[in-house]
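Just below is one structure, and these are the notes that go with it.
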Amino acid sequence: PTPVSPSGVSVPPSQVVSRFNRLRQDQRGLASKAAELELELNEHSLVIETLREVDPTRKCFRMVGGVLVERTVKEVLPALESNKEQISKLIEALAQQLQAKGRELNEFRERHNIRLVGEEEPKGPPRDGPEGSKGGSAGVLVS
C-alpha cells in the first residue's frame, strides 16, 4: 500500500523518501551552523579575556569587512562583547529550531512508518489485516 498524506491523498514512496531526506538535510544544516557559531563564540570569549588584561590605550587590529583596521583596545572590546551576545542569542534560536526540526522529523517518520537501514521493526501487537498475517510492512525503508 502507498503511504497517505495528512490530507488523505496517497503519496508515492519516492516522494516520502525525498521529503524525509530533505528534513534530515535541514536538520544537519542547522546542527552544522550551530557548531560553527559555537566555535566563533569560543574565539570571541578567548579574545575578550585576553584584551581585558591589556592596557586600554594599546593598539590592536580588527578585521572589518575584509579590511584590517587599527583601533585601541577600549574601542574594540565593547564591539566584541556585543558580537558575543548576538552570537549567543543566535545559538539559542538555532537550538530551538533544531529541536523543532527533530520533532517534525520524528512525527514524519511515525506518520509514514519509516525505518532506517539496520533499524529493527518496532515491537508491538500483531498487525490486523492481510499485511499483518504475512508479516509484511507498509512502511518505507530509508538508507
Side-chain angles (χ1 to χ4, degrees), residues 1-129 131-132 135-143:
T2 305
V4 178
S5 73
S7 62
V9 178
S10 87
V11 180
S14 62
Q15 285 185 1
V16 171
V17 170
S18 99
R19 171 92 170 112
F20 179 73
N21 285 331
R22 216 172 319 122
L23 287 171
R24 284 191 350 184
Q25 186 63 35
D26 291 347
Q27 187 182 37
R28 285 187 197 118
L30 288 171
S32 173
K33 187 63 177 173
E36 180 183 320
L37 287 173
E38 284 287 344
L39 289 174
E40 197 167 321
L41 183 67
N42 290 338
E43 287 177 8
H44 272 69
S45 297
L46 182 64
V47 171
I48 288 169
E49 287 174 26
T50 303
L51 289 180
R52 282 192 179 138
E53 300 171 8
V54 177
D55 177 26
T57 59
R58 183 175 174 178
K59 269 195 275 185
C60 70
F61 296 88
R62 181 171 184 218
M63 186 73 74
V64 177
V67 177
L68 196 60
V69 293
E70 181 180 330
R71 298 279 187 248
T72 62
V73 171
K74 69 180 176 185
E75 293 171 331
V76 169
L77 198 53
L80 286 174
E81 289 171 339
S82 173
N83 283 356
K84 182 182 171 188
E85 272 184 50
Q86 295 301 319
I87 292 170
S88 293
K89 289 178 184 176
L90 193 52
I91 289 172
E92 288 176 24
L94 279 174
Q96 290 174 352
Q97 289 177 12
L98 192 57
Q99 286 178 348
K101 187 61 72 177
R103 283 192 299 272
E104 181 182 358
L105 190 60
N106 287 336
E107 289 170 4
F108 190 82
R109 276 184 72 182
E110 290 172 13
R111 187 177 332 121
H112 295 287
N113 192 23
I114 296 173
R115 290 179 303 142
L116 300 175
V117 171
E119 187 178 80
E120 289 185 25
E121 195 164 336
K123 306 275 188 254
R127 298 174 67 151
D128 293 332
E131 300 91 24
S137 172
V140 178
L141 186 62
V142 179
S143 60

Evaluation steps, side-chain contact (heavy atoms from CB on, under 4.5 Å), between Phe20 and Arg109: CA-CA 8 Å; Phe20 179 73; Arg109 276 184 72 182; 3.2 Å; yes

Test side-chain hydrogen bond (donor to acceptor under 3.5 Å, both in side chains) applied to Arg28 - qualifying residues, sequence neighbours left out: none

Which side-chain N or O atoms in residues 32-42 pair as donor and acceptor under 3.5 Å with protein atoms at least two apart or in another chain?
from, atom 1, to, atom 2, distance (Å)
Lys33, NZ, Glu36, OE2, 3.4
Asn42, ND2, Glu38, O, 3.4

Nearest-0.5 Å distance that lies between atom CD in Glu70 and atom SG in Cys60: 8.5 Å

Test: Lys84 and Glu43 ion pair at under 4.0 Å: no

Worked verdict on Asp55 versus Val73 for side-chain contact (heavy atoms from CB on, under 4.5 Å): CA-CA 7 Å; Asp55 177 26; Val73 171; over 6 Å; no

Closest non-hydrogen atom pair, Gln27 against Leu98: O-CD1, 3.4 Å

Atom pair CZ/CZ of Phe108 and Arg24 - distance to nearest 0.5 Å: 11.5 Å

Salt bridge (Lys or Arg N to Asp or Glu O under 4.0 Å) against Lys74, all qualifying residues, sequence neighbours excluded: none

From Leu23 atom CG to Ile114 atom CD1, the distance as rounded to the nearest 0.5 Å: 8.5 Å

Verdict with reasoning, Lys101 to Glu104, per side-chain contact (heavy atoms from CB on, under 4.5 Å): CA-CA 5 Å; Lys101 187 61 72 177; Glu104 181 182 358; 3.5 Å; yes

Ring-face cation of Arg71 near Phe61 (centre distance under 6.0 Å, axis angle within 45°): no

Euclidean distance, Glu75 CD relative to Lys59 NZ, rounded to 0.5 Å: 12.5 Å

Gap between atom CD of Gln25 and atom CG of Asn21 - 0.5 Å precision: 8.5 Å

Glu81 vs Glu85, side-chain contact (heavy atoms from CB on, under 4.5 Å): CA-CA, chis, key distance, verdict: CA-CA 6 Å; Glu81 289 171 339; Glu85 272 184 50; 5.6 Å; no

Rounded distance [0.5 Å steps], CG in Leu94 versus CG in Leu90: 5.0 Å

